[in-house]
Amino acid sequence: MFRLEEKKESKSSVNKIADQVESLRDTFKTGCTQSLQFRQRQLDRLALFMIERESSIKAALYEDLKKSSQEAFMLEIGVVTREIRETRNQLATWVTPTVVPTMFSAQPATSLVRPEPLGVVLIISPWNYPFQLAMMPLIGAIAAGNCAILKPSEVAPSTSRMLAAHLPSYLDENCFKVVEGGVRETTALLKERFDHIFFTGGKEVGKVVAAAAAKNLTPTTLELGGKSPCIVDRSANIPVAAERIVWGKFSNAGQTCIAPDYVLVDKEVEETLLHCMKEKIQQFYGMDPKKSDDYGRIINKAHYQRLLQTLTDNGNIFVGGEVDEKERYIAPTILKDVSADSSIMDKDAEIFGPVLPVIAYKDIHDVISFVNSRPKPLTVYLFSENKKMQEHIQNNTSSGSFVLNHTLLQGGISTLPFGGVGDSGMGAYHGKKSFDTFSHQKAIFKKPTGWRLFDVSSYVIYPPYSTTKEALLKRFT
Ligand code: NAD
């Protein structure tokens, strides 16, 4: 009986989707989202939401992922709060058309680039940072003057419910909607026509989204995942590298798209790095990380089972390996003696959990060939004090970002575009880049009808053409 009702409800929510998109389309046509004041007001309301609902956000993140209060603030709430503030502060500048130079032969004239809203946009977000990754693109969509539908991940149900319950009372409901649901609802959404689709998630679903968008020629931003390598050179400051790798890998129990997926370490410093990382794990999470308030849990049973598989047949467990199915707990685990051919190193097997394989290398050229033989990652991390090596890796690998001597922090630098390349995604956002992603850069060219005497082009562009006119054109081209 309950199942039947649940099915009915889900069916009606799917049926409502077309109407919701249509109503947003009608609202957008009224032009109400266009003014700077409207956008600023919505951002102010978002800022208020962050203040008034901080405890609900934290509670939801704890229920979904057992995120500690500080981690929830540091990697989700704080990032979003800063993005709202910076966007709000700079929006007046961003919306102002930019005058660009006009070539001599087109004078007198004025050329401008004017950002304008795209229309109705769809934002589909994942479960691992279920709050941050829903809110960050929404801020960009609002700032750029769009209407938007946000589809949070059903795999983080508490955060999804919290967003659906609270966001609508802060934002203009006629312009911004939260649609909850999974594959069924997202499939229904993707049948509708949007002016932009912003998707964060895995590569396979990314292809489904891109295919659906292509039917309507809808532009997409795809924020995907992959295996980000972390290279540790023999010149690296090993204790610092260990601290930063352990933090980047085991925050959110390794369920971070830009977490170091695996470590490639110079054979000479392998043992030191392994021991330093073990010490750091103990320092961060205690002798039994299961008891630590600061260590998260795996999102669900399916991911827990998937990660269990990585603990067998993939080298030897150097530290960790303890599990508890009831709690979906997997200890921070480091694997050593891992072969590059093992299943955990499969080019498509993004680990997305607290298991870190470490592979030793002898020749840095092999490392570069290895990284370049695989899909382009979101990030290449390098720990090195050697300037030549830093340049060499940076210049000879391709990735969404290149990070020297730290992990994860690049995601919080609002002046840096955040996004992948190749298999790790297309397009980028954060800060001004988000505003640009959700805007059309309209080219505006204005020419006066007076001042004919000074209208340079009028002497050469109109027929009858002649060798003199062509020569003049050549002179000014
Ligand atoms: P996912 O691709 O399974 O799901 C993402 C979203 O797509 C969810 O909202 C889900 O409801 C929807 N979805 C799932 N299957 C669908 C289908 N068949 N048709 C239509 N929609 C569907 O991803 P996930 O498991 O939520 O997230 C993990 C992945 O996301 C990892 O690969 C990770 O690297 C990547 N990720 C990337 C970034 C980034 O910024 N680049 C950030 C976080 C996560």
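When a ligand or atom number is given, it counts from 1 through the structure's own listing order. Being a predicted model, the structure only gives us computed values, none of them experimental. Scope of the values below: all heavy atoms of this structure, side chains included, with no hydrogens, waters or symmetry mates.
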Undergrad: Tell me: protein heavy atom nearest atom 19 (N) of ligand 1, and distance?
TA: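 Heavy-atom neighbour on the protein nearest atom 19 (N) of ligand 1: Val208 CG1, 4.0 Å.
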Undergrad: Considering only heavy atoms of Val183, which atoms of ligand 1 have at least one such atom less than 4.0 Å away?
TA: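 That gives atoms 15 (N), 16 (C), 17 (C), 18 (N) of ligand 1.
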Undergrad: Would you say Asp172 and Thr27 make side-chain contact, with heavy atoms under 4.5 Å?
TA: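 A side-chain contact is absent here, since even the closest heavy-atom pair is not under 4.5 Å.
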Undergrad: Does a side-chain N-to-carboxylate-O contact under 4.0 Å join Arg25 and Glu22?
TA: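 The answer is no: the pair does not qualify as a salt bridge.
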Undergrad: Which ligand 1 atoms does Gly202 reach within 4.0 Å, using its non-hydrogen atoms?
TA: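 Answer, ordered by atom number: 1 (P), 2 (O), 23 (O), 29 (C), 30 (O), 32 (O).
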Undergrad: Where does Glu204 meet ligand 1, judged by heavy-atom distances below 4.0 Å: at the side chain, the backbone, both, or neither?
TA: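 Answer for Glu204: neither.
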Undergrad: Starting from atom 39 (C) of ligand 1, find the nearest protein heavy-atom neighbour and note its residue, name and distance.
TA: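 Of the protein heavy atoms, Cys257 SG, 3.4 Å lies nearest.
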Undergrad: Heavy atoms of the protein only: does one fall short of 4.0 Å from atom 24 (P) of ligand 1?
TA: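 Yes, there is one.
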Undergrad: Under a 4.5 Å cut-off applied to non-hydrogen side-chain atoms, are Thr333 and Pro354 in contact?
TA: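 A side-chain contact is absent here, since even the closest heavy-atom pair is not under 4.5 Å.
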Undergrad: Quick check: do Val80 and Met136 have side-chain heavy atoms less than 4.5 Å from each other?
TA: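 They are in contact (side-chain heavy atoms under 4.5 Å apart), so the answer is yes.
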Undergrad: Relative to ligand 1, is Thr186 under 4.0 angstrom through side chain, backbone, both or neither, heavy atoms considered?
TA: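 Just the side chain.
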Undergrad: For atom 7 (O) of ligand 1, what's the nearest protein heavy atom and its distance?
TA: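 The answer is Phe199 CE1, 3.4 Å.
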Undergrad: Donor-acceptor check, side chain of Glu192 to backbone of Val21, threshold 3.5 angstrom: yes or no?
TA: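 No: the side chain of Glu192 does not pair with the backbone of Val21.
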Undergrad: Have a look at Gly201, Ala156, Ser228, Ser125 and point out the one with the heavy atom closest to atom 9 (O) of ligand 1.
TA: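 Considering heavy atoms of Gly201, Ala156, Ser228, Ser125, the nearest to atom 9 (O) of ligand 1 sits in Ser125.
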Undergrad: Below a 4.0 angstrom heavy-atom separation, can you tell me which part of Lys203, side chain or backbone, both or neither, approaches ligand 1?
TA: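 Answer for Lys203: neither.
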Undergrad: Heavy-atom contacts under 4.0 Å between Leu224 and ligand 1: side chain, backbone, both, or neither?
TA: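 Answer for Leu224: backbone.
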Undergrad: Side chain, backbone, both or neither: which applies to Phe418 and ligand 1 if a contact is any heavy-atom pair less than 4.0 Å apart?
TA: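 Only the side chain of Phe418 comes within reach of ligand 1.
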Undergrad: For atom 28 (C) of ligand 1, what's the nearest protein heavy-atom neighbour? Residue, atom name and distance, please.
TA: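 Protein heavy atom at minimum distance: Phe352 CE2, 3.7 Å.
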Undergrad: With heavy-atom distances below 4.0 Å as the criterion, list the atoms of ligand 1 near Glu154.
TA: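 Taking each heavy atom of Glu154 in turn, ligand 1 has 10 (C), 11 (O) under 4.0 Å.
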Undergrad: Quick one: look up the protein heavy atom nearest atom 27 (O) of ligand 1 and list residue, atom name and how far away it is.
TA: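 Nearest protein contact, heavy atoms only, for atom 27 (O) of ligand 1 is Pro126 CB, 3.5 Å.
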Undergrad: Using a 4.0 Å cut-off to any heavy atom of Glu223, which atoms of ligand 1 qualify?
TA: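 Answer for ligand 1: 37 (C), 38 (C), 39 (C), 40 (O), 41 (N).
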Undergrad: Answer with side chain, backbone, both or neither: which part of Asn128 has a heavy atom less than 4.0 angstrom from an atom of ligand 1?
TA: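 Just the side chain.
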Undergrad: Applying ring pair (Phe, Tyr, Trp, His ring centres under 6.0 Å) to Phe438 and Trp94, what does each step give before you reach the verdict?
TA: CA-CA 12 Å; Phe438 286 105; Trp94 294 348; over 10 Å; no
Undergrad: Please report, to 0.1 Å, the donor-acceptor pairs under 3.5 Å made by any side chain of residues 44-51, with sequence neighbours excluded.
TA:
| unit_1 | atom_1 | unit_2 | atom_2 | d |
| --- | --- | --- | --- | --- |
| Asp44 | OD1 | Arg88 | NE | 2.8 |
| Asp44 | OD2 | Arg88 | NE | 3.4 |
| Asp44 | OD2 | Arg88 | NH2 | 3.4 |
| Arg45 | NE | Tyr170 | O | 2.9 |
| Arg45 | NH2 | Ser169 | O | 3.1 |

Undergrad: What atoms in ligand 1 come closer than 4.0 Å to a heavy atom of Gly225?
TA: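 Here the atoms of ligand 1 in question are 34 (O).
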Undergrad: How would you list, by chain and number, every residue that makes a side chain to side chain donor-acceptor pair (under 3.5 Å) with Glu223, sequence neighbours excluded?
TA: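 Side chain to side chain donor-acceptor pair (under 3.5 Å) check on Glu223 returns nothing, list empty.
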Undergrad: Record the part of Leu133 in heavy-atom contact with ligand 1 below 4.0 Å; permitted values are side chain, backbone, both and neither.
TA: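 It is the side chain that touches ligand 1; the backbone stays farther off.
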Undergrad: Is Lys67 salt-bridged to Glu76, going by a charged N under 4.0 Å from an acidic O?
TA: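 Judged by the 4.0 Å cut-off on N to carboxylate O distance, Lys67 and Glu76 do form a salt bridge.
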Undergrad: Ring pair (Phe, Tyr, Trp, His ring centres under 6.0 Å) for Tyr429 and Phe198? Distances and angles first, verdict last.
TA: CA-CA 10 Å; Tyr429 72 135; Phe198 189 103; 4.6 Å; yes
Undergrad: Does atom CD (Glu116) have a neighbourhood of more than 12 heavy atoms from anything else shown, all under 6.0 Å?
TA: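 Yes, enclosed.
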Undergrad: Provide the closest heavy-atom pair for Asn300 versus Arg328 in the form atom of the first, atom of the second, distance.
TA: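 For Asn300 versus Arg328, the nearest heavy atoms are C-CD, 3.4 Å.
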Undergrad: At what distance, to the nearest 0.5 angstrom, does CZ of Phe194 lie from OG1 of Thr220?
TA: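 So the gap between those two atoms works out to 13.5 Å.
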Undergrad: If you measure from atom 15 (N) of ligand 1 to every heavy atom of Ile124, Leu222, Val205, Ile258, which option wins on shortest distance?
TA: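 It is Val205 whose heavy atom sits nearest to atom 15 (N) of ligand 1.
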Undergrad: What do you reckon, does Glu350 have a nitrogen or oxygen under 3.5 Å from a nitrogen or oxygen of ligand 1?
TA: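 Among all N and O atoms of Glu350, at least one is under 3.5 Å from an N or O of ligand 1.
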Undergrad: At less than 4.0 angstrom from any non-hydrogen atom of Trp127, what atoms of ligand 1 do you find?
TA: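 Every atom of ligand 1 under 4.0 Å from some heavy atom of Trp127: 24 (P), 25 (O), 26 (O), 27 (O).
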Undergrad: Which atoms from ligand 1 have a heavy atom of Thr200 less than 4.0 Å away?
TA: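 Contacts of ligand 1 toward Thr200, numbered from 1: 5 (C), 37 (C), 38 (C), 39 (C), 40 (O), 42 (C), 43 (C).
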Undergrad: Does Ser153 come within less than 4.0 angstrom of ligand 1, counting non-hydrogen atoms of the residue?
TA: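 Heavy atoms of Ser153 do come under 4.0 Å of ligand 1.
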Undergrad: If only atom types and distance count, is the side chain of Gln132 paired as donor or acceptor with the main-chain N or O of Leu75 below 3.5 Å?
TA: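 Checked: pair present.
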Undergrad: Side-chain contact test, heavy atoms from C-beta onward, threshold under 4.5 Å: evaluate it for Glu83 versus Ser414 and give yes or no.
TA: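 Yes - at least one pair of side-chain heavy atoms lies under 4.5 Å apart.
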Undergrad: Which atoms of ligand 1 sit under 4.0 Å from any heavy atom of Lys151?
TA: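 With Lys151 as reference, the close atoms of ligand 1 come out as 8 (C), 9 (O), 10 (C), 11 (O).
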